[in-house]
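Comments concern the structure below.
In this text the structure is predicted, and so the values were computed from the model without any measurement.
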Amino acid sequence: MREIFAGLPWWVKWVAVPVIALVVFGGLIANVVGFVVYLLFKLLIFVALVGGLIYVVRKFMAGSSSRGDW
């Protein structure tokens with residue numbers, strides 16, 4: 001592979017080949033990035049809901065007169 005790129009100008013190696021790769025694999029890259037952002041958003045919602053549940057349960061347990069030992 002290095003022999004192929006050895007005789008080419010710098011702009012082919014550093015501009016044209018990455019642009020061609022983005023055109024060919026751009027949809028795949030966009031799908032992967034979108035999926036990762038979707039998973040991070042779902043994880044953020046999950047953490048917020050679990051945190052809210054823990055907060056509500058602690059408030060309820062603190063306000064009740066009888067506490068049960070776990």
Among the clusters formed by ILVMFWY side chains lying less than 4.5 Å apart, do [X] and [Y] turn up in the same one?
X     : Y     : answer
Ile4  : Val15 : yes
Val56 : Leu53 : no
Phe5  : Trp11 : yes
Val37 : Leu44 : no

Check side chain to side chain contact (heavy atoms under 4.5 Å, CB included) between [X] and all other residues, then give those that pass, not counting sequence neighbours.
X     : value
Pro18 : none
Ile54 : Val50, Arg58
Ile29 : Leu22, Phe25, Val33
Trp14 : Trp10

Query raised in the report: Is any side-chain heavy atom of Phe46 closer than 4.5 Å to a side-chain heavy atom of Lys42?
Result: no

